[in-house]
Every structure is written in C-alpha cells, then in structure tokens.
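Basis for what follows: all heavy atoms, side chains included, without hydrogens, waters or symmetry-related copies.
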Amino acid sequence: MQTTRLNQYKIMWVIVFFDLPVETKKQRKDYSDFRKRLLSDGFTMFQLSIYVRPCASQENSQVHINRVKSFLPEAGKICIMSITDRQFGDIIVFEGATKTPPKTNAIQLELF
C-alpha cells in the first residue's frame, strides 16, 4: 500500500475575499447568510471580509470552491483563491507595526 505524505506543497488553502453591499435589510441578510455558510463549511475569519480554509489536497479544495460557488449572493464581489500551505506560510501579517504569524484554526492532519 502506497501512502501519500501530506506536505506543504500538497495541502491547499482556499481563501474567499468578498465585498458585499449592506445598505438594505435584504442585503444585510444575504451578507449574514453568506458568512454563516462559510463558517459552516469550515472557513475561519482571517480578516473582516477574508475567510480561509485548509484542505488536504487540490481535489478537496475544489470541492469547497464549488460549494462556495453554490451559495453566492446576488450582489457584491466575491473572489476565491487557492494557494499551497507553503505559500500561505509566507504571508506576512502585521497588527499595527508588530509582525505576527498568520492566525489559523486548522486542525493538524495525521496519517498513520
């Protein structure tokens, strides 16, 4: 039996960026529903309108991308990007003038 090692070039991160209108009651509801659906699919907030989700492979990331595409709101701009774990680790984050590591709530995957 051949085992495939998870490494930082196979593990993917799906990043969803969005700018949704919130002027009307319906738009605020659409915004809230979109956010809740992202959270229920395992995404975590990286910044106010940026949500991230780790995926075990490129194929798995495509499943989550398709899922996000299935519940897009009617209005607004949504961008979806996939990057490798290695690329995600190269993100430089500042809180004010202080450099901090990217916050992730990813569960460590272990294969025996």
Side-chain angles (χ1 to χ4, degrees):
M1 179 171 123
Q2 180 183 12
T3 59
T4 304
R5 281 191 68 163
L6 293 177
N7 66 44
Q8 52 189 325
Y9 295 101
K10 292 189 188 265
I11 296 172
M12 302 295 293
W13 285 84
V14 177
I15 305 171
V16 178
F17 310 84
F18 59 93
D19 187 12
L20 303 178
V22 290
E23 296 170 358
T24 68
K25 187 174 182 178
K26 181 185 180 334
Q27 289 174 336
R28 286 189 295 276
K29 181 175 179 352
D30 289 347
Y31 169 87
S32 179
D33 289 346
F34 182 69
R35 229 185 117 269
K36 287 176 185 175
R37 299 279 306 261
L38 287 173
L39 292 170
S40 71
D41 192 35
F43 284 84
T44 58
M45 185 175 12
F46 189 74
Q47 280 188 253
L48 190 58
S49 293
I50 302 173
Y51 284 69
V52 298
R53 184 190 199 293
C55 297
S57 66
Q58 188 170 3
E59 293 79 15
N60 183 247
S61 70
Q62 194 59 50
V63 168
H64 293 284
I65 290 169
N66 290 339
R67 191 169 295 147
V68 171
K69 289 163 77 175
S70 76
F71 58 80
L72 294 174
E74 294 176 8
K77 185 173 186 175
I78 295 99
C79 302
I80 304 171
M81 177 181 9
S82 294
I83 61 174
T84 65
D85 189 50
R86 174 74 172 103
Q87 292 167 321
F88 188 81
D90 286 342
I91 294 174
I92 301 170
V93 178
F94 292 90
E95 291 184 26
T98 306
K99 184 177 174 182
T100 60
K103 293 181 182 174
T104 63
N105 292 339
I107 298 171
Q108 173 117 11
L109 299 173
E110 289 187 31
L111 296 177
F112 297 94

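- You'll find the side chain of V16 reaches within 4.5 Å of the side chain of F34, heavy atoms only.
- Annotation for R35 and Y51: closest pair NE-OH, 2.6 Å, computed over non-hydrogen atoms.
- Hydrophobic clustering (ILVMFWY, side-chain heavy atoms < 4.5 Å, transitive): L38 and V22 are in one cluster.
- Hydrophobic cluster membership differs between M81 and M12, with clusters built from Ile, Leu, Val, Met, Phe, Trp and Tyr side chains linked at under 4.5 angstrom.
- Residue-environment remark: CD (Q58) stays at or below the threshold of 12 foreign heavy atoms within 6.0 Å.
- Considering all non-hydrogen atoms of both residues, Q27 and P21 come closest at CB-O, 3.2 Å.
- Residues V93 and F17 share a hydrophobic cluster, clusters being chains of Ile/Leu/Val/Met/Phe/Trp/Tyr side chains in contact below 4.5 Å.
- To the nearest 0.5 Å, atom CD1 of residue I78 and atom CZ of residue F71 are 10.0 Å apart.
- Nearest approach of L20 to A75, heavy atoms of both residues: CD2-O, 3.4 Å.
- Atom CZ of residue F18 and atom CD1 of residue I80 lie 11.5 Å apart, to the nearest 0.5 angstrom.
- Salt bridge absent: R37 and D33 never bring a charged side-chain N and a carboxylate O closer than 4.0 Å.
- Between C55 and V14 there is a side-chain heavy-atom pair separated by less than 4.5 Å.
- Residue pairs meeting the salt bridge (charged side-chain N to carboxylate O under 4.0 Å, His left out) criterion with at least one member in residues 49-69, sequence neighbours excluded, are D41-R67.
- Test I91, T84, D90 against F88 for side-chain contact (heavy atoms from CB on, under 4.5 Å) and you get one pass: I91.
- In this structure, I65 is a member of the same hydrophobic cluster as L39, with clusters built from ILVMFWY side-chain heavy atoms closer than 4.5 Å.
- Using a 4.5 Å heavy-atom threshold, the side chains of S32 and R28 count as separate.
- Atom CG of D19 is separated from atom SG of C79 by 9.5 Å, given to the nearest 0.5 angstrom.
- Closest non-hydrogen pair, M45 versus Q47, comes out as CG-O, 2.8 Å.
- One finds the CZ atom of F43 at 7.0 Å from the NE2 atom of H64 (value rounded to the nearest 0.5 Å).
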